[in-house]
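Read the structure below first, then the notes.
In what follows, residues are counted from 1 in the order of the sequence shown. For the numbers below, each heavy atom of this structure counts, side chains included, while hydrogens, waters and symmetry mates do not.
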Amino acid sequence: MRRKLKNVRPIRIGLRLQISLIMIFSIALISFILSVAIFKKSEQTVIKEITHFSGAILKGIKRETKLYLYYDREVRNFKKSGESRLYLNDCKTNRDEAIQKVMQFFPDIISRDTMLDVAFLINIIETDNTSESKRNRFLYFDRNHARVDDAKNSYDEELIQLLDFFLETIETGVNFKQITTRNRKIDQDDSVVVGLPVFSGDFTEELYNKYKDFYKSLTQSLPANPETSSLQEQHSYFEQEFIKRLVYNYTDFDYKINAASDKDYNRLFVYFSAVRYTGRLTHNQREIAQKEFTEQLKSLKSDLSFQTYSETCDQFRKKYNLRLKPNIHNWTGLYRFLERNSISVSSPVPIQELALQAYKSDLNGIIGIRLLSKEFFVNLNRNRNEVTNLALAIFLRFIIIALLFPGFIIRKINKLADGAYEIGRGNFDYKFNMRGSDEVGRLSDIFNIMGKNLKKAREEMIEKNRMSTELKTAHEIQSVLLPSVLPDINKLQFSSYYASQSEAGGDYYDVIPLAPDKLALVIADVSGHGVGSGLVMTITRTLIHSFSSETVKPSALLEKLNEHLYLNTASNFFVSMFYAVYDTKSHSLNFSSAGHNPALIVRKNSVKELPAGGVALGAGGRESFERFSSGKNTMLEKNDLLVLYTDGIVEAMNNNNEEYGEERFYNVLKKNHDKDAETVKDAVIKDLKSFTSGHEQSDDITMLLMRIT
């Protein structure tokens, strides 16, 4: 026991403990910042996947939605447009046909994925007036059916929040918004809502995307040179485009009329006396009225606008007892007259406000999907738990080190603390440059290694989580594509085989009953593997089931599929497909191919190829596809075996880099020509595995067989 020294304070909190506490605090800070960084990265990855997943679905029905909203707006604006009654009836018919297609699309999509809760469509009628905005229609599509209902719904509050989000700023693409559910009767979890705006014009999205680039350039150039000629030209262009859209969308918005000469004022009088109103004026009356009218317009000077011009017209109309011509919409008719006579129009408000007003007038509606947070964020929650456990393990280990570590050199502690703080801020590239071979120097080396390993561990964990999430999503998509049970049809035997090259395969097959005596046989192969390929195949399967009931000819169905995939998928995705319709009574087989392997008919120890040809779906536009696409017909006989397959069979390799090949494949089929479909399938797979001898599979292997008994 040490004796007490006079005038020397006793050691109550030793230097060892102080330094230990400093180390504990530093490591805790490092663990916390690292965890937060990984959490945010994981959440950003999930949000990106939500947007990509939902966008692929929404773009598949965007065209029909756009038609429905366009014709619905035309019906509402019928009286303003002055069109004939026949045009109104056509608009109503087209509107009803479009909404029916939307109502058929969404329930089929939602029923195949537990992540999707409900799809919706916001039909925007009013955007500014609070009392009128309640007229906006909310259409819902759930797992069982779709309904068009103006009644209040428990989801309306969420959709109003999403609508407000789109109306606050100019957005043209898919947008993600996580909404806290206030009404707990709806669901016990918060919801994730993804919306896609739908506009009226064909080039509307391009216009607003260009405007956003222009506005970004404008804000960046303002401090230096706000009046460059290029920006002025773009400003004038966008101003005129937005004014034109507001006018043609029947949005009454006051604009300035830039009359520059007596000729312009005389033309404004012509519009008043000859275009807008009707009535008889004597020659003297006309001269007097023209002089008074133009003088009053000149007196307005910079205050001459659509509103003041209309007020002047009404004043002179009463004075000379004129009548307003029918089917004249004030703003639209005036604007067209000014445009024809080269009288410019400008906006009294800044370009930002004008652009937002035009954007609202062009925004016909929002189509979107409500996702269940508990389903979509399950991986994110799991990752958070793993990161938390890792941070806690690191923290506990360094507590032990801090308590057992020998003394430190005091003069180096500040430098060491500064370095620890840098690492705590996330700067894992920070290097400790402590000289000496003492404990502090050794600790500086340990911190250098720790920073490097933490950086590497963070990168590996993010990549691992991304890959895990992508593969799981692709596997879930693939599991709902393939039929779980083939149909049981009298005098027909079915058998199938599917083996993916990886967890996320890209092949697809199906047997679809069409009518009591018809069924469709389909096999397809999408380019690539992973989530993207799975989404393309999901869209393809949905379109097949949607079109097969209404399109009898296989070639016509493939042409429809090609048009949808070409317009709504990325250029690096395409699908090869063989599609056939079999008549069980007449035994006729109508078929068409989109660049797929030829189907085979095994008949009496012979193999007959059905001509293939065609180009893959989504690889080109309508004209190029139709040039190579054609439908053909053949007759099947009793005991015939129809074989559909993908190239994964004939291109399978053995350890000598030799392909399995068509000849070996055909020989197995001929050898087993009199067996049932299941036995033939087993024989092919057995021979294929024997040939490859455990060699790594390089592609998906898929086969569909039908025997006529």
Between [atom1] on residue [X] and [atom2] on residue [Y], distance to nearest 0.5 Å:
X: L561; Y: S548; atom1: CG; atom2: OG; result: 9.5 Å
X: L669; Y: E662; atom1: CG; atom2: CD; result: 11.0 Å
X: N94; Y: Y68; atom1: CG; atom2: OH; result: 13.5 Å
X: D510; Y: L519; atom1: CG; atom2: CG; result: 11.0 Å
X: F591; Y: L642; atom1: CZ; atom2: CG; result: 9.5 Å
X: D517; Y: T584; atom1: CG; atom2: OG1; result: 5.0 Å

Residue pair [X] / [Y]: nearest heavy atoms and the distance that separates them:
X: Y660; Y: V684; value: OH-O, 4.2 Å
X: E658; Y: N654; value: N-OD1, 2.9 Å
X: V194; Y: L58; value: O-CD1, 4.2 Å
X: K62; Y: P197; value: CE-O, 4.2 Å
X: D647; Y: D699; value: OD1-OD2, 3.2 Å
X: K671; Y: N605; value: N-OD1, 4.4 Å

Mind checking whether [X] and [Y] have side chains closer than 4.5 Å, heavy atoms only?
X: M706; Y: V511; answer: no
X: I708; Y: Y582; answer: yes
X: D687; Y: R664; answer: yes
X: K553; Y: N590; answer: no
X: L558; Y: N562; answer: no
X: Y666; Y: L600; answer: yes
X: I539; Y: N568; answer: no
X: Y508; Y: R541; answer: yes

List the residues meeting ring pair (Phe, Tyr, Trp, His ring centres under 6.0 Å) with [X], not counting sequence neighbours, and say none if there are none.
X: Y509; value: none
X: Y645; value: F665
X: H673; value: none

### Task
Please test K560 against L543 for side-chain contact (heavy atoms from CB on, under 4.5 Å), starting from the C-alpha separation and ending with a verdict.
CA-CA 9 Å; K560 280 189 174 183; L543 293 174; over 6 Å; no
[X] side chain to [Y] main-chain N or O, any donor-acceptor pair under 3.5 Å?
X: D583; Y: K518; result: no
X: S593; Y: F578; result: no
X: S588; Y: M635; result: no
X: T692; Y: H695; result: no
X: Q697; Y: A499; result: yes
X: S527; Y: F574; result: yes
X: N667; Y: E663; result: yes
X: S546; Y: T542; result: no
X: R603; Y: L641; result: no

### Task
Report the C-alpha distance between E637 and K608 in whole Å, list the side-chain angles of each, state the deciding distance to 0.1 Å, and finish with yes or no for salt bridge (charged side-chain N to carboxylate O under 4.0 Å, His left out).
CA-CA 13 Å; E637 301 175 1; K608 174 185 177 182; over 6 Å; no
## Note on the structure
Sequence neighbours excluded, the answer for side-chain hydrogen bond (donor to acceptor under 3.5 Å, both in side chains) partners of R63 is none
Strictly by modelled atom types, are [X] and [Y] linked by a side-chain donor-acceptor pair under 3.5 Å?
X: T646; Y: D525; result: no
X: N655; Y: S693; result: no
X: H587; Y: D640; result: no

### E97: partners by salt bridge (Lys or Arg N to Asp or Glu O under 4.0 Å), with sequence neighbours left out
none
Ignoring hydrogens and angles, write down the donor-acceptor pairs under 3.5 Å from the side chains of residues 486-495, residues two or more places apart or on other chains.
| unit_1 | atom_1 | unit_2 | atom_2 | d |
| --- | --- | --- | --- | --- |
| Q493 | OE1 | A677 | N | 3.1 |
| S495 | OG | E678 | OE1 | 2.7 |

Is the count of non-hydrogen atoms from other residues, nucleotides or ligands lying under 6.0 Å from [X] atom [atom1] greater than 12?
X: Y566; atom1: OH; result: no
X: K101; atom1: NZ; result: no
X: K59; atom1: NZ; result: no
X: E550; atom1: CD; result: yes

### Aromatic plane relationship, F547 with H564 - under 30° parallel, 30 to 60° tilted, over 60° perpendicular
tilted
